[in-house]
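Notes follow once the structure below has been shown.
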Number of protein chains: 2
Amino acid sequence: MTDDIVASVVRQWQAVNPELDTGPMEIIGRINRCAALLQQAEDAPLRSAGLTRAEFDLLGAVRRTDRELTPGELARETFSSGAAVTKRLRALQDRALVERRGDDRDRRVAHVRLTDEGRALVDRLLPEQLAYERSVLAGLDLPGRDELASRLSELLVQLEGRLGGARR
Amino acid sequence: MTDDIVASVVRQWQAVNPELDTGPMEIIGRINRCAALLQQAEDAPLRSAGLTRAEFDLLGAVRRTDRELTPGELARETFSSGAAVTKRLRALQDRALVERRGDDRDRRVAHVRLTDEGRALVDRLLPEQLAYERSVLAGLDLPGRDELASRLSELLVQLEGRLGGARR
DNA sequence: AACAGGTATTACACCTGTAAAATGTTTGAC
DNA sequence: GTCAAACATTTTACAGGTGTAATACCTGTT
């Protein structure tokens with residue numbers, strides 16, 4: 001059993017204040033740290049395609065729902081602010097990866113869809129991304145992966161119940 | 001068993017392209033989503049104390065190592081760029097939470113330590129933070145928490161081995 | 001017709017990282 | 001021994017992305 005960073009951080013806290021109940025760090029600290037490392041690693045292949053992770057998430061949302069989405073829906077779907085979506089859409093539109101179309105009845109709303117190039121890009125990038133992720137997870141055995149996925153799902157349900165309703 | 005967001009995203013991808021091996025999303029997607037929700041939730045109590053999470057991490061690093069750290073060490077410890085550390089230090093110093101001291105021998109390096117107020121702030125905030133985290137995790141039973149922590153540790157060791165050596 | 005509410009965009013402030021600059025130290029050739 | 005070049009540490013300059021709040025525009029209701 002080799003130590004990870006969080007274990008050594010926990011040890012430091014214990015040394016400095018043994019009263020501290022550091023239990024939650026063992027889970028939450030690790031989640032945060034894993035997420036940080038993963039993002040850093042996954043950004044690389046995306047960046048070589050000239051995309052931000054946020055941009056890729058946006059394209060992926062349109063691709064997987066398989067229909068036109070409004071900017072508002074995209075903001076909710078990707079958990080970012082409307083302003084950020086507007087800015088990303090402009091950039092992606094300038095690169096001919098998405099198209100905007102005004103609604104016929106309600107001229108406030110717009111509809112966003114992928115161009116053929118946008119769709120092709122997602123379909124090329126996503127399998128690469130998944131293959132990379134699979135290689136990272138290969139260090140865990142299959143039952144361990146299932147176990148981890150299902151525990152994370154339990155936790156995520158808790159978090160969504162507590163905070164997930166709150167959009168912005 | 002109630003569904004989380006990731007489960008529904010995976011279903012969407014499968015509907016659109018059944019060939020896709022979406023297995024990794026069940027873990028990595030959940031980690032990213034948990035981290036996002038947690039950060040959003042944890043920022044609130046910190047913000048009410050006038051601190052960014054990054055600033056709190058910096059203060060915590062100095063507190064738990066229990067000695068003076070150089071800006072460079074702080075950058076490595078908190079996984080952020082040197083420039084970001086410089087800027088945070090200035091802000092924290094302006095608020096009298098940390099102090100800078102020049103090294104006697106090597107006049108390039110500086111040493112950072114907490115003021116009494118800085119130390120008191122961390123010691124007040126951290127238990128609050130941990131109590132909140134404990135309440136979030138209370139939805140999982142104890143064996144489930146242990147299981148989750150140890151699986152995450154395995155994964156984190158993998159990630160660190162693959163990417164962790166690369167600082168900046 | 002005015003108003004309340006919804007949708008998207010714009011304006012602004014802030015934080016971050018990369019790269020360049022400023023400052024200081026060490027090494028190695030002569 | 002001394003000086004220049006290489007290296008190390010921190011800070012500054014700049015560019016880019018994000019969110020909040022204000023704005024523009026539109027719809028439906030009374």
Side-chain angles (χ1 to χ4, degrees), chain A residues 35-37 39-44 46-48 50-59 62 68-95 98-113 166-168, chain B residues 32 35-37 39-44 46-48 50-59 68-95 98-113 166-168:
Chain A
L37 283 174
Q39 288 209 357
Q40 200 170 330
E42 301 197 338
D43 282 359
L46 259 41
R47 200 167 297 275
S48 82
L51 285 180
T52 302
R53 163 151 273 268
E55 290 171 334
F56 184 69
D57 283 351
L58 194 161
L59 294 176
V62 185
E68 295 179 333
L69 293 177
T70 67
E73 288 172 328
L74 280 168
R76 283 184 288 275
E77 201 71 31
T78 63
F79 304 99
S80 53
S81 73
V85 169
T86 295
K87 209 159 170 264
R88 269 173 233 153
L89 283 177
R90 175 190 290 276
L92 294 171
Q93 194 174 22
D94 288 350
R95 297 173 55 189
V98 303
E99 285 172 348
R100 264 191 188 89
R101 180 180 69 75
D103 188 291
D104 302 327
R105 298 165 172 274
D106 188 339
R107 282 154 56 198
R108 286 170 303 186
V109 337
H111 296 275
V112 176
R113 72 181 154 207
R167 289 295 182 273
R168 60 176 64 84
Chain B
N32 286 330
L37 283 175
Q39 287 210 356
Q40 202 169 329
E42 302 197 337
D43 282 359
L46 259 40
R47 199 168 297 276
S48 82
L51 284 180
T52 304
R53 164 152 273 270
E55 290 172 334
F56 184 69
D57 283 351
L58 194 161
L59 294 177
E68 295 180 332
L69 294 177
T70 67
E73 288 172 327
L74 280 168
R76 283 185 289 275
E77 201 72 30
T78 62
F79 304 98
S80 52
S81 71
V85 169
T86 295
K87 208 160 171 265
R88 270 172 231 152
L89 283 177
R90 174 191 291 276
L92 294 172
Q93 193 174 21
D94 287 350
R95 296 171 57 188
V98 303
E99 285 172 347
R100 265 190 187 90
R101 180 180 71 76
D103 189 291
D104 301 325
R105 298 167 172 273
D106 188 338
R107 280 154 59 199
R108 287 170 302 184
V109 337
H111 297 275
V112 177
R113 72 183 154 204
R167 290 294 182 272
R168 62 176 63 85

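Only a predicted model underlies this, so the values are computations on that prediction, with no experimental measurement involved. Protein chains get the first letters and strands the later ones, always in sequence-line order, with residue 1 at the start of each.
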| task | Using a heavy-atom cut-off of under 4.0 Å over every strand shown, decide if A/Ala83 touches base, sugar-phosphate, or nothing. | result |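 It contacts base atoms.
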
| query | Which part of the nucleic acid does A/Arg53 contact within heavy-atom distance under 4.0 Å: base, sugar-phosphate only, or nothing? | reply |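 If one applies the 4.0 Å heavy-atom cut-off, A/Arg53 turns out to touch nothing in the nucleic acid.
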
| query | If you find the nucleotide of DNA chain D closest to A/Thr52 and the one closest to B/Glu73, which residue's nucleotide is nearer the 5' end? | reply |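 With A/Thr52 and B/Glu73 compared, the 5'-side residue is B/Glu73.
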
Between [atom2] on [N] and [atom1] on [X], what's the gap in Å once rounded to a whole number?
X        : N      : atom1 : atom2 : answer
B/Lys87  : C/dA13 : NZ    : C1'   : 10 Å
B/Arg47  : C/dC14 : CZ    : C1'   : 10 Å
A/Leu92  : D/dG16 : CG    : C1'   : 15 Å
A/Arg108 : D/dT27 : CZ    : P     : 7 Å
A/Arg107 : C/dT9  : CZ    : P     : 15 Å
B/Leu69  : D/dT9  : CG    : P     : 14 Å
B/Arg88  : D/dT11 : CZ    : P     : 13 Å
A/Leu89  : C/dT7  : CG    : P     : 16 Å

| request: Taking all non-hydrogen atoms of both residues into account, name the closest pair between A/Ala75 and A/Val85 and its distance. | output: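 Residues A/Ala75 and A/Val85, closest heavy atoms: CA-CG2, 3.6 Å.
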
| For A/Arg88 and A/Ser80, which heavy atoms make the closest approach, and how far apart are they? |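 Looks like NH1-OG, 3.2 Å.
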
Nearest-neighbour nucleotide for the [X] side chain, [options] considered:
X        : options                : answer
B/Thr86  : D/dT10, C/dA8, D/dT20  : D/dT10
B/Arg100 : D/dC26, C/dT10, D/dT11 : D/dT11
A/Asp106 : D/dT27, C/dA8, C/dC15  : D/dT27
A/Pro71  : D/dC26, C/dT9, D/dT18  : C/dT9
A/Val109 : D/dT18, D/dC25, C/dA8  : C/dA8

| message | Whether the side chain of B/Thr52 engages the backbone of B/Glu55 through a donor-acceptor N/O pair (distance < 3.5 Å, no angle test) should be reported. | response |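 No, because the side chain of B/Thr52 does not come within donor-acceptor range (under 3.5 Å) of the backbone of B/Glu55.
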
| request: Flag the pair B/Asp57 and B/Arg53 as a salt bridge only when some basic side-chain nitrogen lies within less than 4.0 angstrom of an acidic carboxylate oxygen. | output: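 Yes, this pair counts.
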
| Going by an N to O cut-off under 4.0 Å, is there a salt bridge joining A/Glu68 and A/Arg113? |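 Yes, A/Glu68 and A/Arg113 are salt-bridged.
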
| Side-chain N or O of A/Arg90 closer than 4.0 Å to phosphate OP1/OP2 of C/dT10 |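 Affirmative; the distance criterion is met.
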
